[in-house]
Protein chains: 2
Amino acid sequence: MAPRTVSLSRERVVAAAVELLDTAGEGGLTFRALAAHLKTGAGAIYWHVSDKNDLLVAATDAVLTPAMATPAADDTPEAALRAIALGVFDAIDAHPWAGTQLAMAATQPAMLRFFESIGRQVQALGVPAGAQFTAASAVLQHILGVGGQNAATARAFAGGTSRTEHLATTADVWAGLDPGDYPFTRAVAEQLRDHDDREQFLAGIDLILAGIVTLRRIAGPAG
Amino acid sequence: MAPRTVSLSRERVVAAAVELLDTAGEGGLTFRALAAHLKTGAGAIYWHVSDKNDLLVAATDAVLTPAMATPAADDTPEAALRAIALGVFDAIDAHPWAGTQLAMAATQPAMLRFFESIGRQVQALGVPAGAQFTAASAVLQHILGVGGQNAATARAFAGGTSRTEHLATTADVWAGLDPGDYPFTRAVAEQLRDHDDREQFLAGIDLILAGIVTLRRIAGPAG
DNA sequence: ACCTGAACACCGTTCAAGT
DNA sequence: ACCTGAACACCGTTCAAGT
């Protein structure tokens with residue numbers, strides 16, 4: 001006879017953690033809540049994960065691994081890099097807690113796969129061997145930085161105010177800054193009002209790609 | 001008669017928090033430890049800060065504000081941007097907990113000043129008005145991303161292993177990856193071994209600057 | 001081998017009571 | 001106005017005891 005409740009497993013624990021993080025936010029993941037959700041005791045979870053950090057790393061990996069775009073053979077390296085970057089961006093957009101985790105842990109398993117994938121496209125761009133590491137790191141760091149920022153923004157909204165509402169409020173603050181102290185920020189306040197995170201993110205990636213292409217002849221020892 | 005113990009103030013509370021964060025790490029800042037350090041009760045601190053987040057934001061601001069480089073009048077915009085970026089980098093290097101905080105909070109007061117300062121140099125580079133916001137954001141995001149990464153790395157060392165030791169271990173792991181799955185990462189493993197965080201950070205900034213200069217004619221509506 | 005759930009050693013935050 | 005410190009409602013983690 002099949003058991004009425006499926007027995008515990010690392011997979012089920014991690015899946016429940018993802019669900020809890022998505023619905024209740026970063027503060028909602030506690031061992032007690034997780035145990036209640038899995039209809040077991042708090043200590044049972046420790047049989048499958050070593051501690052909370054292990055659980056967080058596994059949950060982040062679980063949502064990022066499927067987000068990894070596999071570039072088509074006929075994509076240009078630029079297009080492939082944009083696809084990879086957007087995959088991570090959208091995954092973090094859907095799971096902000098993963099952005100926090102990502103910005104903090106370079107040792108994430110998913111990170112290595114992203115780095116590898118980015119590096120291959122950097123090679124395809126014709127960057128000399130001596131400069132490939134630097135170029136790939138810059139791209140990865142940009143992705144992580146924006147991810148962290150987005151996660152912070154998402155957390156700021158947990159309290160109900162909507163995204164556009166918040167942008168409008170911030171734009172108002174910027175527009176009201178002292179023109180003597182903050183001429184630049186004041187000047188771009190209106191651009192913030194109809195600002196699109198995704199678009200902005202892609203523009204940053206394009207800036208780095210343009211820099212890589214421009215510097216590829218002079219940046220490193222011949223490869 | 002002067003009081004033997006100076007009375008509490010927001011400044012003293014924040015300064016003690018910085019000291020605790022620097023010496024005991026992010027986990028070392030508790031209201032009880034802070035109260036003991038200030039020879040007072042835990043609740044007294046709440047008269048001067050509204051909660052722990054407020055305290056963390058204030059502490060981050062306290063270490064970042066003096067880190068803000070003021071570019072000389074005869075600096076090129078590129079040199080000025082590098083100086084600003086390095087100032088933040090070094091501050092986070094000295095106070096890793098601030099990097100965690102920075103990567104998470106775009107609302108930090110210090111952030112606005114950095115953004116303004118970066119934006120002015122972007123203007124000085126001749127970027128058209130329509131593209132200045134994007135360019136300045138890309139630079140700021142890169143700084144924050146690297147800051148977050150560095151903070152994570154620093155935290156990983158809390159356990160005693162030294163910086164170079166850790167780099168060597170990671171390089172070994174990379175060098176031992178399956179060549180079929182991770183050709184790029186394997187290939188750059190040796191570059192990781194004598195990798196300098198600061199140098200790498202500057203190279204990333206230079207990549208973005210090169211991209212900005214390359215795209216400045218085509219990136220936005222005429223300014 | 002895996003699960004239970006009480007117990008331990010902590011947290012941030014509040015609040016009546018003091019000065 | 002400012003400080004005290006016990007109390008409250010939580011945490012992550014451990015561990016004897018069960019199956």
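Numbered from 1 within each chain, the chains take letters A, B, ... in sequence-line order. Source: prediction; values computed, not measured.
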Atom CG of A:Leu29 and atom P of D:dC11 are separated, to the nearest Å, by 11 Å

Exercise for the section: Name the orientation class of the two ring planes belonging to B:His142 and B:Phe201 (parallel below 30°, tilted from 30 to 60°, perpendicular beyond 60°). Expected result: parallel

Walking DNA chain D from its 5' end, the first of B:Arg32 and A:Lys52 to be reached, judged by nearest nucleotide, is B:Arg32

Kindly indicate whether the side chain of A:His48, heavy atoms from C-beta on, has any atom under 4.5 Å from the side chain of A:Arg12.
no

Of C:dC3, D:dT13, C:dG12, the nucleotide closest to the side chain of A:His48 is C:dC3

**Report entry** A:Thr30 backbone acceptor or donor facing A:Lys52 side chain under 3.5 Å
**Finding:** no

The answer to which of A:Ala44 and A:Phe31 contacts DNA chain D further toward the 5' end, by nearest nucleotide, is A:Phe31

Taken to the nearest whole Å, CG/A:Leu20 to P/D:dG12 is 11 Å

Kindly indicate whether the side chain of B:Phe184, heavy atoms from C-beta on, has any atom under 4.5 Å from the side chain of A:Ser117. no

Separation of C:dC11 atom P from B:Leu55 atom CG, nearest Å, is 15 Å

Start with the C-alpha gap between B:Arg193 and B:Asp172, add the side-chain angles, then the distance that decides, and say whether side chain to side chain contact (heavy atoms under 4.5 Å, CB included) holds.
-> CA-CA 9 Å; B:Arg193 225 174 279 276; B:Asp172 287 342; 3.1 Å; yes

*Sugar-phosphate only, base, or nothing, as touched by B:Leu34 at under 4.0 Å among non-hydrogen atoms*: nothing

*Carboxylate-amine/guanidinium contact B:Asp181 A:Arg113, below 4.0 Å*: no

Rounded to whole Å, the CG-P distance (A:Leu8 to C:dC3) equals 5 Å

Open item on the list: Measuring centre to centre across the rings, with the benzene-like ring taken for any Trp, is A:Phe115 within less than 6.0 Å of B:Tyr182?
Closed with: no

Original post:
Side-chain N or O of B:Trp47 less than 4.0 angstrom from OP1 or OP2 on D:dC3?
Top reply: no

Note, DNA chain C 5' to 3' with Watson-Crick or G-U pairs under 3.5 Å encoded as ( ), [ ], | and . gives ||.|||||...|||||.||

Q.
Counting the atoms with a prime plus P, OP1 and OP2 as sugar-phosphate, which does B:Ile45 contact under 4.0 Å by heavy atoms, base, sugar-phosphate, or nothing?
A. nothing

Side-chain contact check for B:Ser7: nearest option of D:dT14, D:dC3, C:dC3 is D:dC3

